[in-house]
Number of protein chains: 2
Amino acid sequence: MKLEGPLADRSAWETGEHCSISRAMRIVGTRSAMLLLREAYYGTTRFDDFAQRVGITEAVASARLKELVEAGLLAKSPYREPGQRTRYEYVLTDMGRDLLPAVLALMQWGDKYLHDDGGPLQLVEDATSAPVRVQIRSEDGTEVGLDDLRVRINRHGKRDAPKPSAS
Amino acid sequence: MKLEGPLADRSAWETGEHCSISRAMRIVGTRSAMLLLREAYYGTTRFDDFAQRVGITEAVASARLKELVEAGLLAKSPYREPGQRTRYEYVLTDMGRDLLPAVLALMQWGDKYLHDDGGPLQLVEDATSAPVRVQIRSEDGTEVGLDDLRVRINRHGKRDAPKPSAS
DNA sequence: CCGTATCCACAACGATACTG
DNA sequence: CAGTATCGTTGTGGATACGG
């Protein structure tokens, strides 16, 4: 990975809490949070199911679930089956759904290096049954590796579109 | 995400430590480990640089670096500048490099949801300056989302390549 | 430069028990 | 079914001081 100009000496940018990785890890940087999200991706919505299928105590499930709701990855929404009292379910928000690549990348890595047999589960595209992989791609469609990457300072206000014109 | 047959009721597979996400989080599930890896991707190799640029104490850097070496993501290799005594540098192994998608996915997510301005840094393909994104793709090249995925039990012994035929 | 050793605070998690 | 409360253990990390 190459660092552009002022990044190289590190004097220009904060090493601290500005980093997105650092912020992300403050929110989902626990085993239980990641596993709860995994379960949410699998379709789980109920408290007890979360605790049981993840294999954590209710106390931990309660704390972590609450944090994930507060952070905005899950939403607690009421629903009512006919004749029953109101219950709540935990549903993924867009923010939660968008973490899927990170969770899958972790799983893919663990499958490869932390198992002898490629891991217990396999992910495929539903329609075609083709195996699925998390990868890094540039906008023009080519897959890029660590050595093909360059890091630049993001000029405030835009997420993409470098806008070289003004200044 | 759809769960295939026996997975649906969860009775068949361990919810515990078999899960690759769980195993992965045991190793790299700390803020400091992830940030050290980020630095390694940026090209950092020296102890002091790691500690300083990540913004953690030497004690923490020492502990975490040692774990990453033991786990196999980094290798501590000796080198000698002429006339100097032998020093050590921490270099990424294939195992460490292969975690890049996970780290980048986390960064990408943090850029989007944990900043107002798309985050402090931008990643581009070096050759073309095209923005880069982590995504989930099936083997036939299409990008797939959460609802397009199916999970199946991995029949032991194969990591990828279902081998439908030769080529 | 490249670390290790201590001490301390607090977060993460399991176990267990208890409420509506 | 959906949680909260409490306890004890270990992990994470900052501060500081020290050794090769």
Side-chain angles (χ1 to χ4, degrees), chain A residues 15-17 19 21-37 39-40 44-71 74-91, chain B residues 10 15-17 19 21-40 44-71 74-91:
Chain A
T15 61
E17 225 44 48
C19 173
I21 301 167
S22 178
R23 292 191 182 186
M25 286 301 286
R26 295 252 188 241
I27 298 176
V28 293
T30 64
R31 201 179 125 269
S32 50
M34 285 290 187
L35 295 179
L36 286 170
L37 285 169
E39 272 307 312
T44 301
T45 60
R46 312 274 267 269
F47 182 87
D48 270 22
D49 289 337
F50 275 116
Q52 193 176 339
R53 313 221 257 231
V54 169
I56 56 181
T57 61
E58 296 104 324
V60 173
S62 176
R64 217 57 61 230
L65 244 15
K66 187 174 299 186
E67 288 171 15
L68 290 174
V69 168
E70 280 166 3
L74 296 177
K76 192 175 178 177
S77 85
Y79 74 100
R80 175 189 301 262
E81 287 169 3
Q84 308 285 329
R85 67 180 165 86
T86 303
R87 302 194 185 274
Y88 293 91
E89 56 179 356
Y90 295 90
V91 296
Chain B
R10 286 332 199 290
T15 61
E17 227 44 45
C19 173
I21 300 167
S22 179
R23 293 191 181 185
M25 286 300 287
R26 295 254 188 238
I27 297 176
V28 293
T30 65
R31 204 179 122 270
S32 50
M34 284 290 186
L35 295 179
L36 286 170
L37 285 169
R38 176 204 69 186
E39 272 309 311
T44 300
T45 61
R46 314 272 267 267
F47 182 85
D48 270 21
D49 289 337
F50 275 116
Q52 194 175 337
R53 314 222 256 232
V54 169
I56 56 180
T57 62
E58 296 105 326
V60 173
S62 176
R64 217 56 63 233
L65 244 17
K66 187 175 297 187
E67 288 171 16
L68 289 175
V69 168
E70 280 165 4
L74 296 177
K76 193 175 179 176
S77 86
Y79 73 100
R80 175 189 302 262
E81 287 169 3
Q84 308 285 329
R85 69 181 165 85
T86 303
R87 301 192 185 276
Y88 293 90
E89 57 179 357
Y90 296 89
V91 295

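The analysis underlying the following values was restricted to heavy atoms, covering all of them including side chains, and did not include hydrogens, waters or symmetry mates. Residue numbers start from 1 in every chain, and the chains themselves are labelled A, B, ... in the order their sequence lines are given, proteins ahead of strands.
Between K76(A) and dG3(D), a side-chain N or O to OP1/OP2 separation shorter than 4.0 Å is present.
Note: Y90(A) and F50(A) have perpendicular aromatic rings, judged against thresholds of 30 and 60 degrees for the angle between ring planes.
Residue K66(B) contributes atom NZ, which lies 16 Å from atom C1' of dG11(D) at whole-angstrom precision. Nucleotide dG11(D) holds its P atom 19 Å from the CE atom of M34(B), rounded to whole Å. Between L65(A) atom CG and dA12(C) atom P the separation is 15 Å, expressed in whole Å. Atom CG of L74(A) and atom P of dG3(D) are 12 Å apart (whole Å). Across the protein-nucleic acid pair, L36(B) atom CG and dG3(C) atom C1' stand 14 Å apart, rounded to whole Å. Residue F50(B) contributes atom CZ, which lies 10 Å from atom P of dG3(C) at whole-angstrom precision. For the pair E89(B) CD and dC2(C) C1', the interatomic distance rounds to 13 Å; values are reported in whole Å. The CE-C1' distance, from M25(A) to dT12(D), rounds to 11 Å in whole Å.
Residues L74(B) and A40(B) approach most closely at CD2-CB, 4.3 Å, considering heavy atoms. Between L68(B) and A33(B), the shortest heavy-atom distance links the atoms CD1-O, 4.1 Å. The nearest pair of heavy atoms linking L36(B) to A61(B) is CD1-O, 4.5 Å.
If you take atom C1' in dC2(C) and the same atom in dA17(D), they sit 15 Å apart, rounded to whole Å.
Distance check: E89(A) CD to R46(A) CZ gives 7.5 Å after rounding to the nearest 0.5 Å. Taking CE of M25(B) as the reference point, atom CE of M34(A) lies at 4.5 Å (rounded to 0.5 Å). Summarising the geometry, atom OG1 belonging to T57(A) is positioned 13.0 Å from atom CD belonging to Q52(A); distances are rounded to the nearest 0.5 Å. Separation of atoms CD (E70(A)) and CG (L65(A)) is listed at 11.0 Å; rounding is to 0.5 Å.
For DNA chain C, each stem of at least three Watson-Crick or G-U pairs (distances under 3.5 Å) is given as range with range: C:3-20 with D:1-18.
As judged by a 4.0 angstrom heavy-atom cut-off over every strand, Y90(A) is placed among residues touching the sugar-phosphate backbone only.
Proximity note for F47(A) (side chain, C-beta onward) versus dT12(D), dG3(D), dC2(C): the nearest is dG3(D).
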Open item on the list: Base contacts versus sugar-phosphate-only contacts with protein, heavy atoms under 4.0 Å: please encode nucleotides 13-20 of chain C as B, S and - from 5' to 3'.
Closed with: BSB----B
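No more than 12 heavy atoms of other residues, nucleotides or ligands sit less than 6.0 Å from atom OH of Y88(B).
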